[in-house]
2 protein chains.
Amino acid sequence: MTDALTSQILTGHSVGATVQVVIDALFARIKSEEYPADTRLPSERTLASDLGVSRNTVREALDVLESRNIIRRRAGSGSFVTYRSEPEIPRGDRSVAENTSPLDHLVVRGILEPEMVRLAVINMTPRDLEDLGETLTRIEAVRTDAVEFVACEEELYRKIAKGTRNPLLASCYELAIQVCQQSFRTALMRRHLTPRRIQDYQQRYNTLFNAIASRDVESAVEFIKLHLVEEQKLLLQEG
Amino acid sequence: MTDALTSQILTGHSVGATVQVVIDALFARIKSEEYPADTRLPSERTLASDLGVSRNTVREALDVLESRNIIRRRAGSGSFVTYRSEPEIPRGDRSVAENTSPLDHLVVRGILEPEMVRLAVINMTPRDLEDLGETLTRIEAVRTDAVEFVACEEELYRKIAKGTRNPLLASCYELAIQVCQQSFRTALMRRHLTPRRIQDYQQRYNTLFNAIASRDVESAVEFIKLHLVEEQKLLLQEG
DNA sequence: CGCGACTGAACCGGTTTCGGACCAATTCCC
DNA sequence: GGGAATTGGTCCGAAACCGGTTCAGTCGCG
């Protein structure tokens with residue numbers, strides 16, 4: 001991790017060199033969970049003497065950390081870590097995957113995929129399209145291997161997600177993919193993935209790719225919606 | 001490495017031999033990341049004594065480095081490295097937060113929130129609504145404390161997300177919240193959070209809550225869409 | 001000698017850091 | 001309940017430090 005880069009991101013405004021050192025030191029301790037989430041960190045006066053700087057300098061650093069929602073301060077009480085090092089997917093409940101039903105999953109896909117496809121059609125470069133084409137070729141090469149097919153499908157969707165050039169959107173979709181992998185749905189799907197059905201999907205993805213490659217936004221979006229409805233039907237049929 | 005060539009490139013104008021040596025020495029340290037990007041380099045006086053030359057010579061060298069956009073100087077503060085050894089390529093696997101622009105974030109919110117609100121209105125229990133009401137009360141108690149307000153806002157959205165009863169959707173939204181926290185957008189927003197604007201938002205959230213509580217799906221969804229459009233305007237105005 | 005490069009020093013105005021005092025909120029403990 | 005201790009919030013002035021500027025002096029070389 002480039003500390004300098006982290007600093008740049010954390011700081012925003014220009015700040016004294018000593019303050020920057022303190023910011024980096026504290027943020028490092030928080031990231032490393034030396035100061036775990038939701039715990040109180042040492043008092044400003046303690047930190048000042050520990051770090052060998054004045055309290056005002058510590059306070060300036062804490063100002064920055066607070067403005068970044070990394071800590072939260074309460075007068076008379078202390079400063080508390082609010083930063084979550086790893087996007088807390090497994091939370092108080094069980095893992096998300098275990099509690100996400102196939103329907104839940106399809107709902108989220110229904111929300112994300114149309115807009116995702118729209119943005120991808122708009123933002124994908126020729127290079128991206130070429131890359132996507134290769135995945136399509138891989139998909140079309142499959143005959144009966146359901147495992148290979150699912151892997152290819154995943155790759156296809158991932159590339160579309162990246163093609164949006166929206167990292168956050170891509171991450172959301174990645175989350176959906178992972179939940180899908182970890183849930184029982186995969187096993188369920190595999191039962192349905194007969195060679196006949198694989199062929200069917202291949203044709204669909206081919207159509208989708210053509211719409212994307214020809215920059216036909218509306219067709220691509222409509223197609224993915226249609227595809228989702230089909231999936232939904234399938235789920236309701238066999239759930 | 002062709003020092004002569006480097007010198008030639010850096011110098012442009014003719015410069016004293018000693019100055020050239022200092023330029024080369026400093027540039028070498030910067031390239032080798034002994035002085036990493038965005039860090040302050042030693043003071044002119046320190047450099048002068050370290051390199052065994054006068055401060056004026058150091059300054060002449062720094063003049064050249066500054067004119068080449070390798071460093072940037074701030075009176076009273078210091079000289080800072082702006083040179084990037086690796087012209088930062090957008091790295092796919094870097095932290096999502098670092099690569100997500102405020103617009104990206106708003107786009108994802110625009111995708112998730114309307115459906116999220118719709119599902120929440122349908123699925124929230126009376127107990128959930130009561131809980132949401134408490135958060136609203138907390139929001140309405142805020143007068144000027146922007147930090148507290150943002151924290152409350154977050155809680156409100158989180159409760160709505162949970163209210164969908166779709167763990168995957170809630171996790172996606174959680175991802176968005178965290179990216180927002182960790183990106184520079186928060187600081188940006190806080191500038192706009194005048195007491196006047198806080199009051200404005202309070203009224204909006206009150207309206208939203210009433211729509212949700214009365215199970216008025218369409219009003220709630222339309223309202224959140226409107227809210228998002230407003231946020232978008234704000235971003236474009238002041239970005 | 002003259003000229004340009006370099007030196008050393010002083011001074012300026014700005015920024016940053018420091019140390020401390022005082023307040024208000026919270027917590028602790030009797 | 002109440003006072004003491006602790007914590008963050010605020011403010012201030014002094015001191016240290018920084019780059020910006022100027023200038024008289026020194027050195028080396030043509």
Side-chain angles (χ1 to χ4, degrees), chain A residues 7 11-26 30 35 38-82, chain B residues 7 11-26 30 35 38-82 138 141-149 151 190:
Chain A
S7 308
T11 304
H13 307 311
S14 89
V15 94
T18 307
V19 173
Q20 187 64 63
V21 169
V22 174
I23 293 172
D24 291 343
L26 293 180
I30 291 172
Y35 301 148
D38 293 317
T39 61
R40 210 195 71 185
L41 41 79
S43 75
E44 297 179 352
R45 291 166 177 87
T46 305
L47 284 175
S49 88
D50 279 3
L51 296 172
V53 297
S54 77
R55 191 186 152 208
N56 282 330
T57 305
V58 170
R59 282 188 55 74
E60 240 183 284
L62 293 180
D63 284 342
V64 174
L65 293 178
E66 187 180 25
S67 75
R68 288 285 172 273
N69 279 340
I70 291 167
I71 65 167
R72 179 136 173 73
R73 294 195 276 189
R74 283 196 323 223
S77 179
S79 299
F80 299 83
V81 178
T82 57
Chain B
S7 307
T11 305
H13 305 310
S14 84
V15 93
T18 309
V19 173
Q20 187 63 61
V21 169
V22 175
I23 292 173
D24 291 344
L26 293 180
I30 290 172
Y35 301 148
D38 292 315
T39 60
R40 205 191 66 184
L41 42 79
S43 75
E44 296 179 352
R45 290 166 176 85
T46 305
L47 285 175
S49 87
D50 279 3
L51 297 170
V53 297
S54 79
R55 191 184 155 210
N56 283 335
T57 305
V58 170
R59 282 189 55 74
E60 228 181 301
L62 293 181
D63 284 342
V64 174
L65 292 179
E66 187 178 27
S67 74
R68 291 289 174 274
N69 284 330
I70 292 167
I71 66 167
R72 181 171 136 256
R73 294 196 275 190
R74 290 207 325 259
S77 181
S79 300
F80 299 82
V81 178
T82 56
R138 238 186 95 197
V142 176
R143 282 285 164 271
T144 59
D145 187 346
V147 175
E148 164 75 2
F149 186 74
R190 196 146 308 143

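By convention in this document, chain letters (A, B, ...) are assigned in the order of the sequence lines, proteins followed by strands, and residues within each chain are numbered from 1.
Counting only heavy atoms from C-beta on, A:Ser77 has its side chain closest to C:dT27 among C:dC18, D:dG8, C:dT27. Side-chain proximity of B:Ser43 to the nucleotides C:dT26, D:dG9, D:dG19 is greatest for D:dG19. The side chain of B:Arg45 lies closest to D:dC18 when the candidates are C:dT26, D:dC18, C:dG8. Between C:dA25, C:dC18, C:dT27, one nucleotide has an atom nearer to the side chain of A:Arg74 than all others, and that is C:dT27.
Recorded end-axis angle for the helix from C:dC1-D:dG30 to C:dC30-D:dG1 stands at 30°, based on five pairs per end and rounded to 10 degrees.
Taking a 6.0 Å sphere around CZ of B:Arg138, one finds it holds more than 12 heavy atoms contributed by other residues, nucleotides or ligands.
Rounded to whole angstrom, the span from the CD atom of B:Glu60 across to the P atom of C:dC6 amounts to 6 Å. In this structure, B:Arg72 atom CZ and D:dC18 atom P are separated by 17 Å, rounded to whole Å.
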Kindly give the atom pairs (protein nitrogen or oxygen, nucleotide nitrogen or oxygen) under 3.5 Å for nucleotides 10-16 of chain D.
residue: D:dC11; atom: N4; partner: A:Asn56; partner atom: OD1; Å: 3.2

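Contact annotation: the side chain of A:Ile30 approaches that of A:Ile71 to within less than 4.5 Å [non-hydrogen atoms, C-beta and beyond]. Counting heavy atoms from C-beta outward, B:Leu41 and B:Leu26 have side chains that stay 4.5 Å or more apart.
In this structure, A:Arg73 does not reach the D:dT7 phosphate: none of its side-chain N or O atoms is under 4.0 Å from OP1 or OP2. Residue B:Thr18 places none of its side-chain N or O atoms closer than 4.0 Å to OP1 or OP2 of C:dA5. Between B:Ser54 and C:dC6 there is no side-chain polar atom (N or O) within less than 4.0 angstrom of OP1 or OP2.
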Criterion side chain to side chain contact (heavy atoms under 4.5 Å, CB included) on A:Gln20 and A:Ile23, from CA distance to verdict | CA-CA 5 Å; A:Gln20 187 64 63; A:Ile23 293 172; 4.1 Å; yes

Let me have the donor-acceptor pairs involving side chains of residues 73-81 of chain A, under 3.5 Å, with sequence neighbours excluded, atom names and distances please.
residue: A:Arg73; atom: NE; partner: A:Glu66; partner atom: OE1; Å: 3.3
residue: A:Arg73; atom: NH1; partner: A:Glu44; partner atom: OE2; Å: 3.2
residue: A:Arg73; atom: NH2; partner: A:Asp63; partner atom: OD1; Å: 2.2
residue: A:Arg74; atom: NH2; partner: A:Ser77; partner atom: OG; Å: 3.0

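For the pair B:Val19 and B:Gly76, nearest-nucleotide mapping onto DNA chain C gives the more 5' position to B:Val19.
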